[in-house]
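Here's the structure we're looking at; comments come further down.
All values below were derived from every heavy atom in this structure, side-chain atoms included, with hydrogens, water molecules and symmetry-related copies excluded. Here is the naming used below: chain letters follow the sequence lines, and residue numbers restart at 1 for every chain.
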There are 2 protein chains.
Amino acid sequence: MSSFLPTEQRLAITCQRHPAFPRDPAVLVRLIKHIYKRVHDDANAMLRPYGINHPEYNLLMMLYGTEGYALHATELADAAGEKSANITRLTNELCDKGLIAREASDEDRRKVTLVLTAEGVALIESFLPDVCALLERQAGDMQPRETAQLERLLKKFLAQLERE
Amino acid sequence: MSSFLPTEQRLAITCQRHPAFPRDPAVLVRLIKHIYKRVHDDANAMLRPYGINHPEYNLLMMLYGTEGYALHATELADAAGEKSANITRLTNELCDKGLIAREASDEDRRKVTLVLTAEGVALIESFLPDVCALLERQAGDMQPRETAQLERLLKKFLAQLERE
DNA sequence: TATATATATTACATATATGTACTATCTAGG
DNA sequence: CCTAGATAGTACATATATGTAATATATATA
């Protein structure tokens, strides 16, 4: 049985008490929250043996997914969905671990270029099999059609949120 | 244009570099993360004038959605999707603000009952119109059929995650 | 050139979240 | 009863995230 049932029941009572309460959007927001927490926790547990956490993993993978393994700090913040103040702290840690390096930018001397080191690439390639296994386990027996539909609907929902 | 495009492009490059990388589950997980951050930030901004933040709001609403406005700490943690260590801190703050009260439980003296005060209920009913407006804005022009389908697919996804 | 405005990054204070260990209480089996 | 093991809640240390302000550089315009 899903952990979500109690939450859903409480939203139903809320609707009784306050009939204007829009049940469906509220359920979606709650589901997103539950799913996010679970995904986040699972990823952290899987990554711990490799000495990094979920946000650090996200940064590494955004660099790994870029030609040249390099991004400016602001680009990295946008790509990973982190606030820029967070990027400084996280990239400091990754530098200390020797996984990325900071380089001054020639084109615009305000900018800092963050680039994966050889050790960074090697670490990523060492944990990728575990990451793939986790992602496949998380998708479980969702059918490709369902996955595609879920992706489409989530994109539409995100577009709504950003429309404001 | 969506903020998600750069992320999606980087996942595509990752798939080129590591063909076993399961693109679709990865996209879903990223979308969830982006949506969650946005929802969380919007809710915090809306709630600030009322002197509470998103997690505190969640706790208050779980109590509001329960007969008798009361739950034990563990029930509240499950309903709100918070770790139990967090519940102590958050409920301390809500007690300090006079919005909830702690009561010893007769049935099991290990348990603590958390119950909304009259001020707590009054605060909830004062911000509910703003909450409803925000939720409706977030759902935007999603059709009821799409919303229902998204709910169904998210529930299936959550069930997968919890199946392990 | 000089000045105003915008952008990129960071430092630091503060806010928020989690893990671990501890206390008190309960339950079950001898 | 009594003890062993389970459960509820919390305190405290630590980890993680954010807001604000400060610094340096770039760009536009008079």
Rounded distance (Å) that lies between atom [atom2] of [N] and atom [atom1] of [X]:
| X | N | atom1 | atom2 | value |
| --- | --- | --- | --- | --- |
| A/Asn92 | D/dT16 | CG | P | 14 Å |
| A/His40 | D/dT16 | NE2 | P | 9 Å |
| B/Arg89 | D/dT14 | CZ | P | 18 Å |
| A/Lys83 | C/dA11 | NZ | C1' | 18 Å |
| A/Asp41 | C/dT18 | CG | P | 7 Å |

Once you apply a heavy-atom cut-off of 4.0 Å, does [X] come out as touching a base, just sugar-phosphate, or nothing?
| X | value |
| --- | --- |
| A/Arg102 | sugar-phosphate |
| B/Asp108 | sugar-phosphate |
| B/Thr74 | sugar-phosphate |

- prompt: Per the atom types in the model, does the base of C/dT9 pair as donor or acceptor with the side chain of A/Arg110 at under 3.5 Å?
  reply: no
query: Partner of D/dA30 by Watson-Crick or G-U wobble geometry, both contacts under 3.5 Å, or none?
result: C/dT1
message: Does C/dC26 have its OP1 or OP2 closer than 4.0 Å to a side-chain nitrogen or oxygen of B/Arg109?
response: yes
statement: Of C/dT7, C/dG19, D/dT10, the nucleotide closest to the side chain of B/Ala85 is C/dG19
